[in-house]
Amino acid sequence: MYKKEYLRRKKVAEKEMHKDIKRQINKNKKMQKEIKEQINSQIRECRTLLNKLD
């Protein structure tokens, strides 16, 4: 009986850890996408400024 409860709790804890890891991965992907967009925006801005110099 005790072992069953232990295993059930362990399984629930592992599922929660898995959910947390997935959440963190999605959060990281979102941040990565935002940073990439910022960099691309800055590159476009630099190109515009360089073109103005010509």
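Leu7 has its side chain out of reach of Lys11: every pair of non-hydrogen atoms, C-beta onward, lies at least 4.5 Å apart. Taking 4.5 Å as the limit, every side-chain heavy atom of Lys33 sits out of range of all side-chain heavy atoms of Lys29. A heavy-atom distance below 4.5 Å is found between the side chains of Glu34 and Lys30.
Legend: side-chain hydrogen bond (donor to acceptor under 3.5 Å, both in side chains) pairs involving residues 38-48, not counting sequence neighbours: none detected.
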(message) Could you go through His18 and Lys22, starting from their C-alpha distance and side-chain angles, then the distance that decides it, and tell me whether this counts as side-chain contact (heavy atoms from CB on, under 4.5 Å)?
(response) CA-CA 6 Å; His18 188 69; Lys22 272 187 155 182; 3.9 Å; yes
(message) Go through it in stages, so that I can follow the logic: the residues are Asn28 and Gln32, the test is side-chain hydrogen bond (donor to acceptor under 3.5 Å, both in side chains), and I'd like the CA-CA distance, side-chain angles, deciding distance and then a yes or no.
(response) CA-CA 6 Å; Asn28 289 350; Gln32 187 179 22; over 6 Å; no
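Cluster annotation: Ile43 and Ile35 are assigned to the same hydrophobic cluster (Ile/Leu/Val/Met/Phe/Trp/Tyr, side-chain heavy-atom contacts under 4.5 Å, transitive).
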